[in-house]
Every structure is written in structure tokens, then in C-alpha cells.
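These notes are about the structure you will find just below.
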Number of protein chains: 2
Amino acid sequence: MDTPEYPAIDREALTRRLRTHGVTPTSQRLDIARELFEKPAHFSAEDVYERVNGVEAAVSKATIYNTLGLFVAKGLLRQVFVEPGKVIYDTNLDDHDHFYDEDSGTLIDIGSVGIAAAALPPLPSGTALDRVDVIVRIRRSQP
Amino acid sequence: MDTPEYPAIDREALTRRLRTHGVTPTSQRLDIARELFEKPAHFSAEDVYERVNGVEAAVSKATIYNTLGLFVAKGLLRQVFVEPGKVIYDTNLDDHDHFYDEDSGTLIDIGSVGIAAAALPPLPSGTALDRVDVIVRIRRSQP
DNA sequence: TATAGACTTAGAATAATTCTAGGTCTAACC
DNA sequence: GGTTAGACCTAGAATTATTCTAAGTCTATA
């Protein structure tokens, strides 16, 4: 099986991507987007901060958080909650679920487990379904 | 439909319950257990702190956290992660899932959505299934 | 090119949780 | 019944992830 290649995305493409989602493409946002959207991946805010600032740019932590929050609000990113005090940002926007390795803290995309809305009990009145999060927690089995 | 009654649990019963799970029943642990196991419910650590100390006892925050952690490790409680920086403790140990109302922050037990192990992709080698968390996120639908 | 509003920043502030170090309790044994 | 090792509890400090604040900078548009 070939490892897929993810060619560097040029600023034009990123700029379009942000604009399409109603996000004004500032220089900091493009720096962040370049790291995020290179290939499908999972990031903590700290990861993003380190990767963005490891290269050359200098983007403040406040801007990292503001931007990640904005990208989530605009549908460019998804948040996954697996542990207290740690948000993971997922650039894969397809309908999918996750394995979470509790020993290593690794998150792995899996296809959608596919829970039919019909399989759910009736929603409380006055509410609507937002989405269903499925996290399959796994552990290193002792040999 | 009758509202079920949950008679006060006596110390004897609580003591047995803790011992059965390998937890030494100290006075603070019993104070905490009394609040937790009165009826099936969801609590934040802060909720437990307030309820335990609202009555008469004086249990420190460190002990609240230590005890909740111990109860989870010993299988007396379950943790649910719905938002960053907020753990919810669930005294319902039956196999079940949750509605999470994102507008009010309320967690509601629902029956198990029931994902067959066969519905999952193969687990990474060397790992074993711990459990599957399903959170059905709902929102107040605007009228 | 003036300007309003959006954006960014350093650093302070907050919230939830964990750690530390010392004191207290307890259960098992002499 | 007293000793004692180890488990337990505590106040408060420390940590971690995140948000807020206030002031400066940029930018699109008039």
C-alpha cells in the first residue's frame, strides 16, 4: 500500500479555502492553516503552537486559540473530547469515528460506526440532533 | 408514572458496598458515597464538594478528587467527558449512553445504543477493547 | 489616505485538577 | 492494651489548559 503524498498547499489554495468558509485570511491564519491542512491529522492547541512557531512565524498563543476556535465555528475543523483538560482538533471533516488508545493517548480515525437516527430514543422535545460522537476506547492488552 | 423513591442508604449498606469493591470505608469516603449513591445521578467534582460540605461534614477538595478517582478505579463510578475541562461522574453503572444538551450542559442517560463489536473495524494489533462511549449531542431547536 | 472595525499580542486571570508535605487515623501485631 | 507502618486526609501551593484584557496593528473601504 502506498503512503499517500500530501503536496504542500500553496497560499492561494489556502486563502480560497478560508474565504469559502467565511474566514478572512490573515497572515497568522494562513500560517496556522498551512500546518493544519497539510494532511489529515489530529492536533492539540499546543501541537499547533509548536509547529507554527517551529518554522519561522511567530504566532501568539492567544491567536492560536482564537483561530482554532474560529475554524471550528466555521466548520474547518472538528473538536474531539477524549480526556479532561485536553481538546483535540481533527482536520478530517468526513463523517467518522475514533479509536482512542488510552495508554498512549493516540487518536485514530475509523470509518463511521453508523448509528441510525432510528436507533436512538426519541429526543427530548424542543431539541434537535447535533451529532453523535463515538469513541472506541482501547488499551494495550498485556501479553 | 410514579417517581421512584430512593430511601436513605444506611452506613452499613454503604460500608459493605465500598468493601465489596476493595475500598476501605473511611468516614470521608462514606460521607461522599452517601451523596453519590442516594440515587442514580451525574455530578461534577464541584457538585460533590458542595453537597458533601453543605450538610455538615467537612471534606477537603483534595479528598473529593482522590476519592472520586479511587471510586472510578474501583468500578464504583464512571467518568463521562463531554466538554474540555469538565469531568462528569456517573453513578449509573449499567451499560448505557447519553444525550448531552449542548445549550444547557445537561447529561441525560439513555439505554445503550448497542454497537456490536462486529460493527467495529479490527482493533490495532496488541490492543483490546475497553469500552465504547457514545454521546448524542443535541441542541435546543429554535422555534 | 483617513478610518472603523477586525485582528493580534503579551501577559494577567481563571478554572479544574494535581501535588506536596506534614499531620492523623487505623488495623494488625506484639 | 500499646506500637507502629502504612494508609489517609488536609491546606495551600503548583500546574495545565484555556480565556480574558487592554492596547497596539493591520486592512478594506470610502
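In what follows, chains carry the letters A, B, and so on, assigned in the order in which the sequence lines appear, proteins first and then strands, with residues in each chain numbered from 1.
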**Report entry** Nucleotide D/dC8, atom P - distance to CG of B/Asp31 in whole Å
**Finding:**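 Taking CG of B/Asp31 and P of D/dC8, I get 16 Å after rounding.
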Query - Interatomic distance, B/Ile32 CD1 vs D/dC9 C1' [rounded to whole Å] - result: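 From B/Ile32 CD1 to D/dC9 C1': 10 Å.
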Salt bridge [X]-[Y], side-chain N to carboxylate O under 4.0 Å:
| X | Y | result |
| --- | --- | --- |
| B/Glu38 | B/Arg51 | yes |
| A/Asp103 | A/Arg140 | no |
| B/Asp130 | A/Arg139 | yes |
| A/Lys61 | A/Glu46 | yes |

Report task. Would you mind classifying the nucleic acid contact of B/Thr24 as base, sugar-phosphate or nothing, using non-hydrogen atoms under 4.0 angstrom? Result ->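 The answer is sugar-phosphate, as B/Thr24 gets under 4.0 Å only of primed atoms, P, OP1 or OP2.
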Query raised in the report: What string of B, S and - do you get for nucleotides 10-19 of chain D 5' to 3' if you count protein non-hydrogen atoms under 4.0 Å?
Result: BB-----SBB
Requested in this report: Give a yes/no verdict on a cation-pi contact between A/Arg17 and A/Phe37, requiring under 6.0 Å between NZ or CZ and the six-membered ring centre and an angle within 45° of the axis.
Outcome: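 Relative to the ring axis of A/Phe37, which defines the angle, A/Arg17 lies inside both limits.
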Query - Set of salt bridge (charged side-chain N to carboxylate O under 4.0 Å, His left out) partners for A/Arg131, sequence neighbours left out - result: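 Expected list: A/Asp133.
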Query - Distance-only polar pair, side chains of B/His42 and B/Asn92, donor-acceptor under 3.5 Å - result: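 Absent: no donor and acceptor within the cut-off.
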Query raised in the report: Do A/Val80 and B/Tyr100 share a hydrophobic cluster (ILVMFWY, side-chain heavy atoms under 4.5 Å, transitive)?
Result: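 In one cluster with A/Val80: B/Tyr100, no.
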Query - Span of DNA chain C, from the first to the last nucleotide whose atoms fall under 4.0 Å of chain B heavy atoms - result: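 Terminal contacting nucleotides, 5' to 3': C/dA16 to C/dC19.
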